[in-house]
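Have a look at the structure below before the remarks.
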Amino acid sequence: MDGLRTNNSDQHDYWFELDDQENWMEYLNEQGYVVLKQVASTLQVETAIDLYWHHYQQLLDVDRNNIDTWQDWYLDRRGIQTKGPTIQSEAAWFIRGLPNVKQAFATIWDTEELIVSMDSLIIWKPWWLDDRWLPVTEGLHIDQNPFSKPEKLCVQGMMPLYEVTPEIGGLEVVPGSNNRVPEFRHRYPKFKGSGDFCVLANNDPMQGNGKLVLAEPGDLILWDSRTVHGGLVGNGEVSDTEPRLARLSQTVCMVPRSRASNKVLSQRKKGFEKGWGFTHWPNEDCITSLGSRSYEPIELSPEQLDLL
């Protein structure tokens, strides 16, 4: 299967086992990011890939094994998919409902009573086979306003279903930037009163200090929303000519249920039933997309319902 892990024996200082809680929590708090290894099994990774292809082959006239059919498959150049039916698909909920994913966030927030984000999927086509598919990125930014939300309030997550390599690229972070909130407040007074998506200026001193976060299929990448991060496109020096997506990563974030109002909890249920998309903040009801007329909600398992 095309989502299998490689036999990569290289280790990185930001790679930790899920049960090594004390050490990875310390690293996350100090550096602002961490990778938890093999949160999803190989079988779970294969299942998620199969579910996504089933979703898209039903939704669009694309064939997983025929790359010619991908030509008319429109994707946002950044690769960020926010359409409600995809956000609320069986594939997305499969990853959200994985027990180890919940365990990671339960460790962060010290509670099992969590709600999950219903936000984006990231897809890149293999641009080394067709340069029209070359991705673009949003640039370095933070996803938490340094004035209105200076504390640790949100830890974002992403599960890559394909390996993250220098050739392909993925998420880049500026290590330790989660603890530099006063600098942002000083350099960017314009962020006061704005939203959570705060983009760094081209001449910001943190530009050029990003680090690609390498990971294998089924790993869980976590980063503090105050951490400077963005997408990084790899060098494209890939010899593989098989019809395989370059990147397929599901974002996932959980926060304590107690932080959501009854109004937000009600909107979340309504959004699931109608196929809406939301932001990475599970405790806020900011709607990013609406469902289609043909949308029908899937049946959630008890474990998945607990996260809604």
Transitively linked via ILVMFWY side-chain contacts under 4.5 Å: [X] with [Y]?
X    : Y    : answer
V213 : L200 : no
Y295 : W93  : yes
W73  : L51  : yes
W281 : V101 : no
V136 : L232 : no

_I'd like to know whether R64 forms a salt bridge (Lys or Arg N to Asp or Glu O under 4.0 Å) with D50, so could you lay out the CA-CA distance, the side-chain angles of the two residues, the decisive distance to 0.1 Å, and finally the verdict._
CA-CA 10 Å; R64 175 177 182 170; D50 289 344; 2.8 Å; yes
Taking the side chain as every heavy atom from C-beta outward, state whether [X] and [Y] have any atom pair closer than 4.5 Å.
X    : Y    : answer
N100 : L98  : no
Y56  : T86  : yes
L28  : I108 : yes
L220 : V35  : no
V155 : W109 : yes
W15  : D13  : no
T279 : T288 : yes
K269 : L308 : yes

So, the side chain of [X] versus the backbone of [Y]: is there a donor-acceptor pair under 3.5 Å, distance only?
X    : Y    : answer
Q304 : S301 : yes
Q250 : I95  : no
S249 : I122 : no
S117 : H280 : no
D219 : A215 : no
S289 : T82  : yes
N209 : P205 : yes
R244 : P126 : no
Y162 : E216 : no
R78  : T137 : no

For the [atom1] atom of [X] and the [atom2] atom of [Y], what is their distance to the nearest 0.5 Å?
X    : Y    : atom1 : atom2 : answer
R268 : I287 : CZ    : CD1   : 12.0 Å
S292 : K274 : OG    : NZ    : 12.0 Å
Q21  : L18  : CD    : CG    : 6.5 Å
I168 : N235 : CD1   : CG    : 9.5 Å
N179 : N29  : CG    : CG    : 8.0 Å
D130 : R132 : CG    : CZ    : 4.0 Å

*What class does the angle between the rings of W276 and F278 fall in, given that below 30° is parallel, 30 to 60° is tilted and above 60° is perpendicular?*
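Tilted: the ring planes of W276 and F278 meet at 30° to 60°.
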Taking all atoms of both residues into account, what is the closest heavy-atom pair of [X] and [Y], and its distance?
X    : Y    : value
C253 : C154 : SG-SG, 3.5 Å
P146 : F191 : CG-CD1, 4.1 Å
R247 : L171 : NH2-N, 3.7 Å
A201 : Y188 : N-OH, 2.9 Å
Y52  : S89  : CE2-OG, 4.1 Å
G79  : W124 : CA-CD1, 3.9 Å

*Taking only residues two or more places apart in sequence or in another chain, which ones pass salt bridge (Lys or Arg N to Asp or Glu O under 4.0 Å) with E172?*
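Testing E172 for salt bridge (Lys or Arg N to Asp or Glu O under 4.0 Å), a comparison that skips the adjacent residues, returns none.
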Is the closest side-chain donor-acceptor distance between [X] and [Y] under 3.5 Å?
X    : Y    : answer
N145 : S194 : yes
D143 : Q156 : yes
S120 : Q81  : no
T165 : E163 : no

*side chain to side chain contact (heavy atoms under 4.5 Å, CB included) between D306 and E113: does it pass, once the steps are laid out?*
CA-CA 8 Å; D306 285 343; E113 295 297 317; over 6 Å; no
*Can you check whether W53 and W70 have ring centres sitting under 6.0 Å from each other?*
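Aromatic pair counts; centres sit under 6.0 Å.
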*May I have the step-by-step check of side chain to side chain contact (heavy atoms under 4.5 Å, CB included) for Q144 and F184, ending in yes or no?*
CA-CA 11 Å; Q144 183 173 315; F184 293 119; over 6 Å; no
Between [X] and [Y], does at least one N-O distance fall below 4.0 Å, as a salt bridge requires?
X    : Y    : value
E90  : R96  : no
D285 : K263 : yes
K152 : D224 : no
R187 : E183 : yes

If you count heavy atoms of other groups shown closer than 6.0 angstrom to [atom1] of [X], is the number above 12?
X    : atom1 : answer
K211 : NZ    : yes
N202 : CG    : no
K102 : NZ    : yes

*Of T251, I80, L248, which meets side-chain contact (heavy atoms from CB on, under 4.5 Å) against L121?*
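Answer to the side-chain contact (heavy atoms from CB on, under 4.5 Å) test with L121 among T251, I80, L248: L248.
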*Please determine which of N283, I115, L307 meets the side-chain contact (heavy atoms from CB on, under 4.5 Å) test together with R257.*
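The passing option is I115.
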_With side chain to side chain contact (heavy atoms under 4.5 Å, CB included) as the criterion, how do V233 and L134 come out once you've worked through the C-alpha distance, each side chain's angles and the decisive distance to 0.1 Å?_
CA-CA 8 Å; V233 180; L134 179 67; 4.1 Å; yes
*asked:* Using the rule given for side chain to side chain contact (heavy atoms under 4.5 Å, CB included), can you reason through I87 versus K83, listing the C-alpha separation, both sets of side-chain angles and the distance that settles it, and then say yes or no?
replied: CA-CA 6 Å; I87 289 174; K83 291 185 177 179; over 6 Å; no
*Residue list, ring-ring contact (aromatic ring centres under 6.0 Å, His included) with H141, at least two apart or on another chain*: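 Scan of H141 (ring-ring contact (aromatic ring centres under 6.0 Å, His included), adjacent residues dropped) gives F197, H229.
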*Can you tell me which residue pairs pass the ring pair (Phe, Tyr, Trp, His ring centres under 6.0 Å) test with a partner in residues 22-51, sequence neighbours excluded?*
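For residues 22-51, and leaving out neighbouring residues, the ring pair (Phe, Tyr, Trp, His ring centres under 6.0 Å) pairs sorted by first residue read Y14-Y33, F16-Y27, Y27-Y33.
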